[in-house]
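Read the numbers this way: they start at 1 and go in the same order the structure lists the ligands and their atoms.
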Amino acid sequence: MSDDEDNRPPIDPTTAAGIDTSGRWRVEVVEQSTSTNAEVAERFRAGEEAGLVLVAEDQTEGRGRLGREWVTPPRSSLIVSFLLVPGEVPAERWPWLPLLTGVAAAAAVRRVTGVQVDLKWPNDVLADGRKLGGILLERVERDGAAAAVVGIGINCAQTQAELPVPEATSLALVTGTPVDRVALLAALVEELGARYDEWRAGGDLRKAYLELCITPGQEVRVAVPGGEVAGQAVDVDASGRLVVRTQAGEEHLGAGDVVHVRATGA
Ligand code: BTN
């Protein structure tokens with residue numbers, strides 16, 4: 001085994017397949033994927049049922065939010081997509097899915113590593129203010145049924161030089177020790193399953209989300225389709241939209257890329 005493999009052990013597919021004993025999730029590990037989100041979406045269109053959890057050691061066309069790419073060296077990250085088919089949940093409650101995924105990802109990282117991660121609206125996972133993980137949720141349809149493909153990437157072993165931007169970080173950089181990616185995956189499966197069940201049952205995840213999201217209270221610049229909104233983030237509303245107080249009044253934003261300019265009142 002090379003030094004690199006010692007430092008970045010592969011995820012054992014058999015161990016990963018055994019992390020869920022309820023029979024609810026089917027965990028598959030592949031060496032390489034174009035994009036786990038793209039593959040899970042394709043498999044749903046081809047007849048796959050809810051519960052697939054696809055993990056890849058490497059992606060050749062990893063997708064980020066807002067049309068960006070998501071690039072990670074092989075075996076450096078936890079790269080995973082879940083296939084959820086919420087069926088009866090009304091469309092107006094779907095905006096909470098990406099947010100509750102952020103809550104689950106943050107809870108899993110906290111539980112396994114002890115790192116007190118936060119969320120930046122809508123669902124960037126931050127450690128010490130730097131981006132540790134991202135979430136991309138895509139809606140896919142088949143014969144009138146809608147699925148949510150929930151993709152999560154968490155930086156685990158990257159060195160600073162391997163990160164795409166200086167504002168990013170990895171668990172290895174934050175903790176100084178390697179993270180057990182199977183333990184992280186197991187925690188994520190459990191945390192996401194619990195929040196998803198709560199949401200499907202009509203539960204309100206706003207309080208849990210606001211406990212982790214540090215965007216309200218900050219001066220922000222938000223890149224939105226066709227422009228930018230600048231002001232003070234004051235809340236996340238009942239529909240999961242970011243409320244920003246600008247000179248012109250309050251705006252409720254459903255999508256956008258937030259920059260925390262500086263904390264206010266500190
Ligand atoms: C972001 O831009 O913050 C979202 C990044 C989401 C990356 C994950 S990695 C697993 C899944 N597959 C993809 O192609 N993207 C998501």
Side-chain angles (χ1 to χ4, degrees), residues 11 16 25 27-45 48 52-84 95 97-106 108-109 117-127 129-140 147-158 162-171 179 181-182 184-185 187-189 191-192 212-215 222-225 240 242 255-260:
I11 293 175
W25 304 108
V27 183
E28 295 181 17
V29 182
V30 295
E31 197 54 42
Q32 193 175 70
S33 169
T34 49
S35 150
T36 54
N37 264 34
E39 276 197 39
V40 168
E42 201 43 52
R43 284 176 62 172
F44 175 69
R45 290 190 197 98
E48 185 84 40
L52 173 65
V53 180
L54 183 64
V55 179
E57 294 286 24
D58 187 24
Q59 291 186 122
T60 54
E61 295 166 32
R63 299 176 182 172
R65 286 179 63 237
L66 307 169
R68 288 191 284 246
E69 57 179 10
W70 186 261
V71 181
T72 51
R75 297 195 309 275
S76 66
S77 298
L78 182 59
I79 291 171
V80 55
S81 295
F82 292 77
L83 178 58
L84 308 178
L97 255 182
L99 306 190
L100 74 83
T101 304
V103 173
V109 171
V117 289
D118 310 298
L119 295 174
K120 182 178 77 166
W121 185 90
N123 53 17
D124 280 355
V125 181
L126 305 184
R130 291 166 181 263
K131 184 156 171 170
L132 180 74
I135 291 163
L136 176 66
L137 194 133
E138 296 177 278
R139 185 184 164 104
V140 189
V149 176
V150 176
I152 304 166
I154 298 174
N155 299 331
C156 293
Q158 285 99 324
E162 288 175 317
L163 291 163
V165 289
E167 300 78 28
T169 192
S170 71
L171 285 169
V179 60
R181 289 185 299 151
V182 176
L184 191 55
L185 175 65
L188 191 54
V189 166
E191 297 286 351
L192 183 62
L212 288 164
C213 182
I214 58 168
T215 302
V222 190
V224 293
L242 183 66
D257 198 25
V258 173
V259 175
H260 291 162

Taking the side chain as every heavy atom from C-beta outward, state whether [X] and [Y] have any pair of such atoms under 4.5 Å apart.
| X | Y | answer |
| --- | --- | --- |
| L184 | L171 | yes |
| T36 | V80 | no |
| L84 | L97 | yes |

**Report entry** Proximal protein residues to ligand 1, non-hydrogen atoms under 4.0 angstrom
**Finding:** S35, T36, N37, Q59, G62, R63, G64, R65, W70, I79, V80, S81, D124, K131, G134, I135, L136, G151, I152, G153
Query raised in the report: Checking R75 side chain against I11 main chain: does a donor-acceptor pair fall under 3.5 Å?
Result: no
Query - Partner of L126 by side-chain contact (heavy atoms from CB on, under 4.5 Å), out of T169, L212, I214 - result: I214
Requested in this report: Hey, could you give me the CD/CG distance between Q158 and L132, rounded to the nearest 0.5 Å?
Outcome: 9.0 Å
